[in-house]
Amino acid sequence: MNTVTNFLKNGTFKTTLTAAAVATICSSALANDMPGEGVEVTPIFPSIAEERFRGEIAMAGLEALGYEVEEPKESEYATMLLALSYGDADFTVHLWDKLHDTFYEKAGGDDTMLKVGSIMPGVLQGYQIDKKTADQYGITSLEDLKKPEIAKLFDSNDDGKADLTGCNPGWGCELVIDHHIEAYGLGDWVTHNRGSYFALMADTIARYQDGKPVLYFTWVPQWIAGVLKVNEDVVWLEVPYTDLPGGDNDVITTYKNKNLGFAVDEVMSVVNRDFGLENPSAMALLSQVQISSDDESAQNLKMRNGENSQKDIKRHAQEWISEHQAEFNGWLDIARQASN
């Protein structure tokens, strides 16, 4: 069939094809436009509304290929990967390749799942403080928090220790923060405050707006980068040297000449291995989907400003697709070819 189609494209044998042959070719071509027809797909995403946007774009692509996409399941990252491994879900677009590597391997790794594409390269994590305090006291590193007079600047409960707005349990970043506090000898000087991250950050932003020093963990992309802007409102803190849980320190943790202490990472699309091998078009699509961290941060800021319903997020995804229609159509073309 591919040979005949190629001949058709080149103009060869056009006059010798019968009406029946043309009908057969056209029928097959139409069928290939919807290679996922009749196949149900179950996504699984983390229970973070701010990360739903990229999932909506991926789901729209699968639906354009004819797949019946179910309402996504939601879970924490470790459980998400277990569900993919066991076949309780078919794909996600939310694996931080290095941050979640332990979760991935413990869930079965490449034996049960396939990493099929980098949906978002160059994502960052690290620690930030307000620029005013950094400039006034010459604070550039986490190690500066070992000075009692510096730690006290960020002390919100008068216990003499700096209060660090940290990471939700189950996200993976909380493990790195805890490791850093121990590895850099900060236990006597820093308290890692865990809980609902965005609720804690609302308090942190309010503190900043009141003119008080702030110290917090963050990542990019997300809306906070649009509210507390790097080098205008806040600055990244360096770590003295790279030290990550498990001792795998042979990774890039430096961004713009600052060692942020976390691997410069990428967000991957991942599929259940059996699902991926049985559905090459879905796998080909998910290998192509890519959005920029700036685009997701901008969308997250819309959510922060009130456009935060599921309907709003779906509309944001459709608007993004319209603005990138040629690119989106190219993903679909490649996915359709994979079914031939």
Side-chain angles (χ1 to χ4, degrees), residues 44-55 74-85 91-110 113-128 142 164-184 192 194-198 200-201 216-225 236-239 241-255 258-271 290-293 296-297 300:
I44 187 164
F45 302 154
S47 50
I48 307 171
E50 286 77 8
E51 296 195 356
R52 178 69 177 248
F53 172 63
R54 73 186 81 135
E74 293 186 352
S75 72
E76 297 299 344
Y77 291 99
T79 308
M80 176 182 78
L81 291 166
L82 284 170
L84 283 174
S85 180
F91 84 94
T92 192
V93 287
H94 295 90
L95 173 76
W96 285 57
D97 187 39
K98 295 179 177 64
L99 179 66
H100 297 144
D101 183 62
T102 299
F103 295 162
Y104 181 79
E105 293 300 332
K106 286 185 176 180
D110 294 340
M113 295 171 284
L114 295 170
K115 298 177 182 179
V116 296
S118 176
I119 191 167
M120 193 178 299
V123 289
L124 304 173
Q125 299 174 86
Y127 307 101
Q128 294 182 350
L142 275 186
L164 166 68
T165 300
C167 182
N168 278 44
W171 285 5
C173 40
E174 84 282 7
L175 304 176
V176 182
I177 297 171
D178 287 343
H179 180 80
H180 282 167
I181 289 173
E182 180 179 356
Y184 304 137
H192 178 195
R194 279 165 283 207
S196 175
Y197 178 79
F198 290 106
L200 291 172
M201 280 305 301
Y216 60 96
F217 161 83
T218 193
W219 73 93
V220 179
Q222 54 140 316
W223 61 263
I224 289 167
W236 291 104
L237 285 184
E238 290 193 88
V239 298
Y241 50 87
T242 301
D243 196 322
L244 292 167
D248 183 12
N249 299 319
D250 189 22
V251 296
I252 296 172
T253 57
T254 298
Y255 174 72
K258 282 191 174 183
N259 187 343
L260 303 185
F262 290 78
V264 176
D265 216 332
E266 59 183 331
V267 179
M268 306 292 292
S269 300
V270 183
V271 298
Q290 188 173 102
I291 65 175
S292 72
S293 60
E296 183 155 298
S297 290
N300 278 193

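In this chain, numbering begins with 1 at the start of the sequence shown. Everything numeric here is computed off the predicted structure, so don't read it as measured data.
Under a 3.5 Å cut-off, the side chain of Gln222 and the backbone N or O of Val220 do not form any donor-acceptor pair.
To the nearest 0.5 Å, the span separating CD1 on Ile252 from CG on Leu260 amounts to 12.0 Å. Rounding to the nearest 0.5 Å places CG of Leu84 at 10.5 Å from CG of Leu114. Atom-to-atom distance recorded for Met80:CE and Ser47:OG is 10.0 Å, nearest 0.5 angstrom. Separation of atoms OG (Ser293) and CH2 (Trp219) is listed at 13.5 Å; rounding is to 0.5 Å. Taking CG of Asn259 as the start and OG1 of Thr253 as the end, the distance is 3.5 Å to the nearest 0.5 Å. Expressed to the nearest 0.5 Å, how far OG1 of Thr218 lies from CD1 of Ile224 amounts to 4.5 Å.
Between Trp171 and Tyr197, the two ring planes are tilted [angle within 30° to 60°]. Note: Tyr127 and Phe217 have perpendicular aromatic rings, judged against thresholds of 30 and 60 degrees for the angle between ring planes.
A heavy-atom distance below 4.5 Å is not found between the side chains of Thr92 and Glu51. Looking only at side-chain heavy atoms (C-beta outward), Val239 and Tyr184 come within less than 4.5 Å of each other. Put simply, the side chain of Val93 does not reach to within 4.5 Å of the side chain of Met268, judged on heavy atoms. By the 4.5 Å heavy-atom criterion applied to side chains, Asn300 and Glu296 are counted as neighbours. The side-chain heavy atoms of Trp236 and Leu124, taken from C-beta on, include a pair separated by under 4.5 Å. In this structure, the side chains of Met120 and Ile291 come closer than 4.5 Å at one or more pairs of heavy atoms. You'll find the side chain of Tyr255 stays beyond 4.5 Å of the side chain of Phe262, heavy atoms only. Side-chain contact between Pro121 and Gln290: present, with at least one pair of heavy atoms (C-beta onward) separated by less than 4.5 Å.
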For Met113 and Leu95, run side chain to side chain contact (heavy atoms under 4.5 Å, CB included): C-alpha distance rounded to whole Å, both residues' side-chain angles, the deciding distance at 0.1 Å, then the answer. CA-CA 12 Å; Met113 295 171 284; Leu95 173 76; over 6 Å; no
Go through Phe198 and Ile48 one step at a time and tell me if the side chain to side chain contact (heavy atoms under 4.5 Å, CB included) criterion holds. CA-CA 10 Å; Phe198 290 106; Ile48 307 171; 4.0 Å; yes
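The two atoms that bring Leu244 and His180 nearest to each other are CD2-NE2, 4.2 Å, heavy atoms only. Shown here for Ser269 and Ile119, the closest heavy-atom pair between the two residues is OG-CB, 3.9 Å. Considering every non-hydrogen atom in both Leu200 and Gly195, the closest pair reads CD1-N, 3.7 Å. Nearest heavy-atom pair, Val264 versus Gly122, reported as atom, atom and distance to 0.1 Å: CG1-CA, 4.4 Å. Across all their heavy atoms, Ile177 and Gly166 have their closest contact at CD1-CA, 4.2 Å. When all heavy atoms of His192 and Cys167 are compared, the closest pair comes out as NE2-N, 3.2 Å.
Of the options Asn168, Thr165, Asp178, a side chain to side chain donor-acceptor pair (under 3.5 Å) to Arg194 is made by Asp178 and by none of the others. The only option from Phe103, Tyr77, Phe45, Phe53 that meets the ring-ring contact (aromatic ring centres under 6.0 Å, His included) definition with His94 turns out to be Phe45.
Side-chain rings of Tyr104 and His100 stay apart, their centers remaining 6.0 Å or farther from each other.
Few gaps surround CD on Glu105; more than 12 heavy atoms of other groups in view lie less than 6.0 Å from it.
Inspection of the Ser118 and Glu266 side chains reveals an N or O donor paired with an N or O acceptor under 3.5 Å.
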